[in-house]
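Below is one structure, written out as structure tokens, with a few remarks after it.
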Amino acid sequence: MAIVLRYVDRKGKVFIELVHVPDTSALSLKKANFYILAHYSLSLSSVRGQCYDEARNMQGDINGLKILIKQESELAHSIHCFAHQLQLTLVVVSKICVQVEELVLLVSNILNVLEASFKCMDELLESQQEKIQETLDMGELETGRGSNQELGLIRAGDTRWGAYYKPFENCILLFDSIIDVLNTFVENANTLDGRAK
């Protein structure tokens with residue numbers, strides 16, 4: 001879990017912490033937040049705001065993190081995360097642009113066709129491995145820990161920061177392999193409808 005604390009004093013400080021949490025229940029997140037506050041010798045009674053996305057474990061009105069924190073400090077008012085609001089705004093605005101909406105639809109349709117068949121997904125993986133091996137053989141890629149990881153196709157989502165970036169990035173990186181699989185799919189399709197897909 002990433003925690004950002006903005007502590008206002010004469011100098012104005014910002015702390016950013018990454019904390020391992022055993023699970024994402026509101027209670028575990030509360031314990032992690034309390035640990036960080038104690039680590040920096042900050043008092044919960046001085047907390048004046050908390051900001052989360054719309055996840056139920058964060059914003060839930062009964063057992064959400066915002067309620068658990070508010071029970072400890074009445075002045076810790078909660079607002080919706082600005083980055084999350086910006087993401088939702090960008091999604092709505094992008095849907096007004098016909099070209100962007102067509103791109104999102106095209107990527108979604110490609111995913112639907114490929115994910116409908118384990119055979120297609122296996123071919124995609126095989127093609128990706130062949131392409132990586134070819135570029136390694138030509139010396140265009142370097143090897144090393146964490147390099148040349150297997151990429152997957154993931155769906156774009158409206159509610160996560162960067163949720164459109166990763167699917168598009170993976171489609172670009174896997175473009176040649178996707179084309180190989182789709183060409184094979186067209187060649188092996190038994191019906192006109194199958195080829196059209």
Side-chain angles (χ1 to χ4, degrees), residues 1-95 100 104 107-108 111-112 114-115 118 121 124-125 128 143-174:
M1 172 176 69
I3 299 175
V4 178
L5 296 173
R6 185 173 59 192
Y7 180 70
V8 180
D9 62 4
R10 290 181 186 155
K11 297 177 184 176
K13 298 178 183 175
V14 176
F15 305 101
I16 299 174
E17 286 285 332
L18 293 176
V19 181
H20 174 75
V21 289
D23 60 74
T24 57
S25 69
L27 195 54
S28 289
L29 300 176
K30 176 186 170 185
K31 287 178 185 175
N33 276 287
F34 280 28
Y35 169 80
I36 293 300
L37 288 171
H39 177 74
Y40 287 107
S41 301
L42 299 173
S43 169
L44 182 63
S45 63
S46 297
V47 172
R48 295 295 179 260
Q50 41 182 333
C51 183
Y52 312 110
D53 66 11
E54 275 297 316
R56 210 176 280 154
N57 60 339
M58 301 295 213
Q59 292 281 13
D61 288 331
I62 298 172
N63 288 322
L65 179 59
K66 75 172 185 180
I67 295 298
L68 297 177
I69 300 285
K70 189 118 170 129
Q71 288 170 350
E72 303 286 333
S73 176
E74 287 187 25
L75 297 175
H77 299 287
S78 176
I79 60 171
H80 194 246
C81 173
F82 290 117
H84 191 247
Q85 288 178 28
L86 177 61
Q87 168 69 16
L88 295 174
T89 303
L90 288 172
V91 168
V92 171
V93 169
S94 71
K95 288 183 178 182
V100 172
V104 171
V107 170
S108 178
L111 288 174
N112 288 339
L114 295 177
E115 288 180 342
F118 287 116
M121 293 305 290
L124 180 67
L125 178 61
Q128 179 186 1
T143 59
R145 184 180 171 97
S147 298
N148 311 314
Q149 295 293 311
E150 188 178 290
L151 296 174
L153 295 174
I154 53 177
R155 296 197 173 279
D158 289 352
T159 59
R160 294 284 178 237
W161 187 253
Y164 277 83
Y165 174 76
K166 193 66 176 168
F168 291 139
E169 180 185 40
N170 284 4
C171 279
I172 291 167
L173 293 171
L174 292 172

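- Scored by the ring pair (Phe, Tyr, Trp, His ring centres under 6.0 Å) test, Phe34 finds no partners at all (sequence neighbours excluded).
- In this structure, CD on Glu169 lies 10.0 Å from CG on Leu174, to the nearest 0.5 angstrom.
- The two residues Ile36 and Glu17 make their nearest non-hydrogen contact at CD1-CG, 3.8 Å.
- Scanning for side-chain contact (heavy atoms from CB on, under 4.5 Å) contacts around Ala76 gives Val47, Gln50, Ile69, Ser73, with sequence neighbours left out.
- Taking the side chain as every heavy atom from C-beta outward, Asn33 and Leu65 approach each other to under 4.5 Å.
- No hydrogens or angles considered: a donor-acceptor pair under 3.5 Å links the side chains of Lys70 and His77.
- Closest of all the heavy-atom pairs between Asn63 and Leu68 is O-CD1, 4.2 Å.
- Glu72 CD to Lys30 NZ: the interatomic distance, rounded to the nearest 0.5 Å, is 4.0 Å.
- Here the closest heavy-atom approach between residue Asp23 and residue Ser28 is recorded as OD1-OG, 3.0 Å.
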